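One structure below.
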Number of protein chains: 2
Amino acid sequence: MAAEARRGPYICGLDAAMDVVSGKWKSLILWELHHHGVRRFGELRRGLPGVSEKMLIQHLREMAEDGLVHREVYREVPPRVEYSLTEHGTSLNEALRALGAWGTARRQRLAAETPLNQVAG
Amino acid sequence: MAAEARRGPYICGLDAAMDVVSGKWKSLILWELHHHGVRRFGELRRGLPGVSEKMLIQHLREMAEDGLVHREVYREVPPRVEYSLTEHGTSLNEALRALGAWGTARRQRLAAETPLNQVAG
DNA sequence: CCCAATACTTACCACCAGGTGAGTATTGAA
DNA sequence: TTCAATACTCACCTGGTGGTAAGTATTGGG
């Protein structure tokens, strides 16, 4: 349970990458940490509306195991824990840029196709 | 149920992109179609060891709805159906290249960290 | 003594992605 | 009439992901 692959062995590189970002909130966590540099647990929770504490800590722990985020604990009262991207997390975010751009184009396509419906769920 | 987003509205572009590739076999299907150009249903099934017919057709239908793959039906006996990437599917594959490269680097990192364990599940 | 604040931790539960295995439709060949 | 081949289609089931809500540990302040 230390620093090993959860679902490996992987078939290809895409597998290995999708594994570490699969999780409802992981790409958002990546995004949040990328934009703020360092964030405390509570800041992340408030920054991701709808996330449960359970999933937030679970995702953060997995991402720490995967070497994407750094977890710094300050033994104070009340406790303080700070999360930040590691070098690997930063490079993953960069590797996701093209995908994010593709998704943005897709959103614009969808909005153009259904101009009256784009906001309604 | 035509060409609309399944989980939208999306928070960001990454959401919109992750949505269309989330699915156990979708990135593999993308890869397979990218490398072979055109593939029949049975060829895809044999090319993705372990996939169930149910999930393969389900993923292919969703990807067709999302405009990633083109489905060409030949009304012959026995029936023949050919799948290929659309322009959007091709561009998505290109957008995934950086992510695949990152994953390949991660695999190499994992193999270097646990040299005796890299093959065992 | 109790509460506040923070960062979890745990138990329980619902939903859905995905797997299994059987069935369908079509038509030519034996 | 039955079978083969292809591409599904359907019913059923399991496991895992994620949500909910309550509990824990710590210590200073009122």
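Every value quoted in this text rests on a predicted model; they were computed, and no experiment measured them. Letters go in sequence order (proteins before strands), and every chain restarts at 1.
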Can you tell me if the side-chain N/O atoms of [X] get under 4.0 Å from OP1 or OP2 in [N]?
{"X": "A:Arg40", "N": "C:dA7", "value": "yes"}
{"X": "A:Tyr83", "N": "C:dA7", "value": "no"}
{"X": "A:His59", "N": "D:dT17", "value": "no"}

note = Readout for nucleotides 20-30 of chain C: B = base within 4.0 Å of protein heavy atom, S = sugar-phosphate only, - = neither; 5' to 3' it is B-----BB---
query = What do the steps show when you test B:Lys26 against B:Met63 for side chain to side chain contact (heavy atoms under 4.5 Å, CB included), and what is the final call?
reply = CA-CA 8 Å; B:Lys26 284 193 180 175; B:Met63 293 167 81; 3.9 Å; yes
Figure out the [atom1]/[atom2] separation between [X] and [N], and round it to whole Å.
{"X": "A:Glu76", "N": "D:dT27", "atom1": "CD", "atom2": "P", "answer": "12 Å"}
{"X": "A:Gln58", "N": "D:dG16", "atom1": "CD", "atom2": "P", "answer": "13 Å"}
{"X": "A:Arg80", "N": "C:dA5", "atom1": "CZ", "atom2": "P", "answer": "18 Å"}
{"X": "B:Arg61", "N": "C:dA17", "atom1": "CZ", "atom2": "P", "answer": "17 Å"}
{"X": "B:Lys24", "N": "D:dT17", "atom1": "NZ", "atom2": "P", "answer": "11 Å"}
{"X": "A:Arg46", "N": "C:dA7", "atom1": "CZ", "atom2": "C1'", "answer": "12 Å"}
{"X": "A:Ile57", "N": "D:dT17", "atom1": "CD1", "atom2": "C1'", "answer": "17 Å"}
{"X": "A:Arg71", "N": "C:dA7", "atom1": "CZ", "atom2": "P", "answer": "10 Å"}

key: Sidechain N-carboxylate O distance under 4.0 Å for A:Arg39, A:Glu82   =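 The answer is no: the pair does not qualify as a salt bridge.
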request  = Evaluate the criterion side chain to side chain contact (heavy atoms under 4.5 Å, CB included) for residue pair A:Ile29 and A:Leu56; output intermediate values, then yes/no.
outcome  = CA-CA 9 Å; A:Ile29 292 173; A:Leu56 182 56; 3.9 Å; yes
message = Within the supplied structure, the quantity of interest is the number of heavy atoms (other residues, nucleotides, ligands) at a distance under 6.0 Å from B:Glu76 CD; does it exceed 12?
response =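 Yes, CD of B:Glu76 has more than 12 neighbouring heavy atoms, counting only those of other groups under 6.0 Å.
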key: CZ (B:Arg97) with more than 12 external heavy atoms under 6.0 Å   = no
message = Once you apply a heavy-atom cut-off of 4.0 Å, does A:Tyr74 come out as touching a base, just sugar-phosphate, or nothing?
response = nothing
ask   = With a 4.0 Å cut-off on heavy atoms, is B:Arg75 in touch with a base, just the backbone sugar-phosphate, or nothing at all?
value = nothing
message = Against the six-membered ring of A:Trp102, is A:Arg109 placed for a cation-pi contact (under 6.0 Å from the centre, within 45° of the normal)?
response =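 Flagged: A:Arg109 positioned over aromatic ring of A:Trp102.
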message = If you define the side chain from C-beta out and look only at heavy atoms, does anything of B:Leu44 sit under 4.5 Å from B:Glu32?
response =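 Side-chain contact under 4.5 Å: yes.
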